[in-house]
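First the structure, in the form of structure tokens, and then the observations on it.
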Amino acid sequence: MRVVSGIQPTGNLHLGNYLGAIRNWVAMQEQGECLFFLADLHAISQPHVPTELAANTREMTAALVACGIDPSRSILFNQAQVPQHAELQWLLNGTARMGWLNRMTQWKDKAGKNREGASIALFTYPVLQAADVLLYQATHVPVGEDQKQHLELARDIAQKFNNDFASEDAPVFTLPDPIIPPEAARIMSLRDGSAKMSKSDPSDMSRINLTDDADAIMNKVKKAKTDPEPLPSEKTGLEGRPEAANLVGIYAAMAGTSVDAVLGEFGGEGFGKFKPALGELLVTKLAPINDRFIHLRQDKDALDAILRSGAERARKLAVPTLDKTYAALGLVRG
Ligand code: TRP
């Protein structure tokens, strides 16, 4: 089992990042060989500030390590130090089809009405993502629900490339399977159960940051939007109650249990009882992460050393697949 996944280097890390991706990565370390990277090359597909990108790359690295990614066990790096990602993307651009990319919902959402003004990188973003995983012969790719379509595209690209350029008994690429966490795959805003928890929400009350202390966490949970009904005792009772569903989902994810189990315990109770329990659970689980994060994010040298050594290991794994890809395409390299 080889696990590969990436995350865009954003600042203001929050509970949504932790529960949506990072925590699953941490768990994957028990199950196979893992490569995790900061998708800094993806980050330039949209307008960005260079100094912020650099700061966010290090910040996200600190967060991953604080949350439990062990850089001596897993390979932790940023794409920019492994040029094979960009190289493989170009080679796959010959296989990816315009029609496939045109159907990507993330492209449609992010480009909006202004397709003419969107960057080429935004359009070919999923091809780079395919390169990210195919480069390492990933067998499993943990992602959020919103990335499932990109993973399917990666499989389509791998399949077409293998069909067009490889023999059946010696395929160049492995078709990766997505791993989508069942519970709390999508953590929503504490102020609006229909919007994803996001670093760019103008209200800081909408999210729980990894830098928040115990008081801030308790306060945000207390002020979280809810409805007047008590909690149901079964999952179906959460339908049409996005805020309640979100809080219960967060509880289940943090406690490592199911939504049904949480409702088994709190069904019939009001939020006056549930919210303090949720706040305390969050504080207990996040405190050690918060400690490590605050400490490590100031240590630029340590972070750079982690990324440098991860990149070195990643490059070694990347080269054989890249060589095979060049050769399969008939590209002469001396
Ligand atoms: N596009 C992913 C996201 O925004 C990040 C990403 C880039 C990724 N490359 C990847 C995820 C490869 C999984 C595998 O969440």
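Along the sequence shown, residues are numbered consecutively beginning with 1. Whatever order the structure lists ligands and atoms in, that order sets their numbers, starting from 1.
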*Between Met254 and Leu282, which heavy-atom pair has the shortest distance, and what is it?*
CG-CD2, 3.6 Å
*At under 4.0 Å between heavy atoms, which part of Val133 makes contact with ligand 1: side chain, backbone, both or neither?*
side chain
*Atoms of ligand 1 less than 4.0 Å from Val143 heavy atoms?*
11 (C), 13 (C)
*Of the protein's non-hydrogen atoms, which lies at the shortest distance from atom 10 (C) of ligand 1, and what is that distance?*
Gln129 CG, 3.4 Å
_Per-atom contacts of ligand 1 with Val141, taking only distances under 4.0 Å to non-hydrogen atoms_ = 13 (C), 14 (C)
*Is there a donor in the side chain of Asp132 and an acceptor in the side chain of Gln129, or the other way round, less than 3.5 Å apart?*
no
*Is Lys108 atom NZ crowded by more than 12 heavy atoms from other residues, nucleotides or ligands, each under 6.0 Å away?*
yes
*asked:* To check you understand the geometry: which heavy-atom pair defines the closest contact between Trp107 and Leu101, and what is its length?
replied: CD1-O, 3.7 Å
_Please give me the minimum heavy-atom distance between Gly249 and Val259, naming the atom from each residue._
CA-CG2, 4.3 Å
_Ligand-residue contact atoms, ligand 1 with Ala39, heavy atoms, under 4.0 Å_ = 7 (C)
*asked:* What I want to check is whether the side chains of Asn209 and His14 have a donor and an acceptor closer together than 3.5 Å.
replied: no
*Ignoring angles and geometry beyond distance, decide whether Gln147 reaches within less than 3.5 Å of ligand 1 through its nitrogen or oxygen atoms.*
yes
*Tell me yes or no: between the side chains of Ser203 and Asp201, is some donor less than 3.5 Å from an acceptor?*
no
_For atom 11 (C) of ligand 1, closest protein heavy-atom neighbour_ = Gly6 O, 3.3 Å
*What are the two closest non-hydrogen atoms of Phe274 and Val262, and how far apart are they?*
CE1-CG1, 4.0 Å
*Could you list the atoms of ligand 1 found under 4.0 angstrom from a heavy atom of Phe37?*
9 (N), 10 (C), 12 (C)
*Near His42, which atoms of ligand 1 are under 4.0 Å from a heavy atom of that residue?*
7 (C), 9 (N)
*So which protein heavy atom does atom 4 (O) of ligand 1 come closest to, and at what separation?*
Tyr125 OH, 3.2 Å
*Sub-4.0 Å atoms of ligand 1 with respect to non-hydrogen atoms of Asp132*: 7 (C), 9 (N), 10 (C), 12 (C)
